[in-house]
Each structure stands twice: as structure tokens, then as C-alpha cells.
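What follows is one structure encoded as C-alpha cells, with my remarks underneath.
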Amino acid sequence: QVQLVESGGGLVQAGDSLRLSCAASGRTFSNYAMGWFRQAPGKEREFVATISWNGDITSYADSVKGRFTISRENAKNTVYLQMNSLKPGDTAVYYCAAAPTVSRSTTMYNYWGQGTQVTVAS
């Protein structure tokens, strides 16, 4: 029903900024809350940010609060993650995902992208 493709990852230096994009297919994109998760080598996938279907509600992990901003443009079927003041600890594969409602739990997300690598060098 929903296919998601992330882009925008890459290698940056600590303190730099990066914007990730997630393009969704299908006509039901606006019905879903969207989330960003990340997974570092040897670590479990962790919550980063989520946004409600109309953008009214957002939630962030404490580790990224104040540095990252999630947004969406439903007319473009796209969700973004603006990442500022990047730290080496932000290095991970970043995934976007779609859920029926806003959630911080991976189990609530029905559709996942393939991920995009973000590497922050010190």
C-alpha cells in the first residue's frame, strides 16, 4: 500500500547539517503518521522523531531534541528530517516509516523504507 524511499544521507563533519527526505508512493500518504528511526552497528533500532498526519503533533527523542526537526509536505508525499549540529553519536542508518497514529514504538509502524546512511566524523 505504501512504499517509502529515503535519501539525503552522507558523510559530514561534526557540527554540520543534513536534511533527509522520504518519498512515499500511494494516494493514502496523508492518512499516516510518519516517523524517523535510526540504527547504529550493534545497536537496536531507536526512535528519532514522529509527526502526525496533518503535522499538528510532533515528538522527538531526547537525544535529538532541539537539533532535529521533522516536517512533511503531504502534497509532495514527502517527509523530511532536518538535522543540525550533528554529532558522531548520530551516525546510523536512518529509516522513515508510516504508522496509523503518532507513536515512538517501532511495532506501530506498518511500512518502512530501505534506510539511508548518515556518518558524522569528528
Side-chain angles (χ1 to χ4, degrees):
Q1 295 180 0
V2 178
Q3 291 78 46
L4 306 172
V5 180
E6 302 95 333
S7 63
L11 173 63
V12 298
Q13 301 297 312
D16 286 352
S17 296
L18 202 61
R19 188 181 75 163
L20 306 183
S21 298
C22 176
S25 66
R27 294 174 290 177
T28 60
F29 174 78
S30 296
N31 295 333
Y32 291 89
M34 299 294 296
W36 285 97
F37 295 79
R38 66 188 184 186
Q39 188 166 24
K43 302 290 186 179
E44 293 185 351
R45 189 168 299 185
E46 66 174 352
F47 168 78
V48 175
T50 187
I51 186 169
S52 60
W53 70 273
N54 61 359
D56 287 348
I57 303 172
T58 58
S59 182
Y60 298 90
D62 289 342
S63 60
V64 306
K65 192 174 301 181
R67 299 188 298 121
F68 291 9
T69 302
I70 188 171
S71 62
R72 67 191 298 166
E73 293 186 77
N74 288 348
K76 297 182 178 180
N77 282 3
T78 302
V79 62
Y80 305 96
L81 185 68
Q82 178 66 47
M83 304 183 293
N84 298 327
S85 301
L86 283 162
K87 306 174 181 179
D90 296 319
T91 295
V93 176
Y94 283 71
Y95 300 89
C96 71
T101 61
V102 171
S103 176
R104 300 168 67 96
S105 175
T106 58
T107 61
M108 290 296 296
Y109 289 81
N110 305 121
Y111 307 100
W112 294 82
Q114 84 290 345
T116 185
Q117 176 71 48
V118 172
T119 303
V120 184
S122 61

Next item on the list: For the pair Thr91 and Gln117, evaluate side chain to side chain contact (heavy atoms under 4.5 Å, CB included) and give the outcome as yes or no after the intermediate values.
Entry: CA-CA 8 Å; Thr91 295; Gln117 176 71 48; 4.0 Å; yes
Next item on the list: Would you check, one step at a time, whether the test salt bridge (Lys or Arg N to Asp or Glu O under 4.0 Å) holds for Asp62 with Lys65?
Entry: CA-CA 5 Å; Asp62 289 342; Lys65 192 174 301 181; 3.4 Å; yes
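With values rounded to the nearest 0.5 angstrom, Thr78 atom OG1 is found 7.0 Å from Glu73 atom CD. Rounded to the nearest 0.5 angstrom, Leu86 CG and Thr119 OG1 are separated by 10.5 Å. Between atom CD1 of residue Ile70 and atom CD of residue Gln82 there is a gap of 12.0 Å, rounded to the nearest 0.5 Å. Rounded to the nearest 0.5 angstrom, Trp53 CH2 and Asn74 CG are separated by 8.0 Å.
The shortest heavy-atom contact between Tyr32 and Pro100 is CD2-N, 4.4 Å. The two atoms that bring Met108 and Ser103 nearest to each other are CG-OG, 3.2 Å, heavy atoms only.
Members clustered with Val5: none, using a 4.5 Å side-chain heavy-atom cutoff among hydrophobic residues.
Arg67 places a side-chain heavy atom less than 4.5 Å from the side chain of Asp90. Put simply, the side chain of Leu81 does not reach to within 4.5 Å of the side chain of Arg38, judged on heavy atoms.
Sorted by first and then second residue, the ring pair (Phe, Tyr, Trp, His ring centres under 6.0 Å) pairs with a member in residues 55-97 form an empty list; sequence neighbours excluded.
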Output a table of donor-acceptor pairs, distance under 3.5 Å, between side-chain atoms of residues 10-24 and any protein atom two or more places apart or on a different chain; print 'none' if there are none.
| from | atom 1 | to | atom 2 | distance (Å) |
| --- | --- | --- | --- | --- |
| Asp16 | OD2 | Gln13 | N | 3.1 |
| Ser17 | OG | Asn84 | OD1 | 2.9 |

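Glu6 and Thr116 share no side-chain donor-acceptor pair at under 3.5 Å. Tyr109 and Thr50 form a side-chain donor-acceptor contact under 3.5 Å, judged by distance and modelled atom types alone. Counted by atom type alone, Thr107 and Ser105 present one or more donor-acceptor pairs between their side chains at under 3.5 Å.
Ile51 and Tyr111 fall within a single hydrophobic cluster, where Ile, Leu, Val, Met, Phe, Trp and Tyr are joined by side-chain heavy atoms under 4.5 Å apart, directly or via other members.
In this structure a side-chain-to-backbone donor-acceptor pair under 3.5 Å is present from Ser25 to Gln3.
Under the 30°/60° scheme for interplanar angles, the aromatic rings of Trp112 and Phe37 are found to be tilted.
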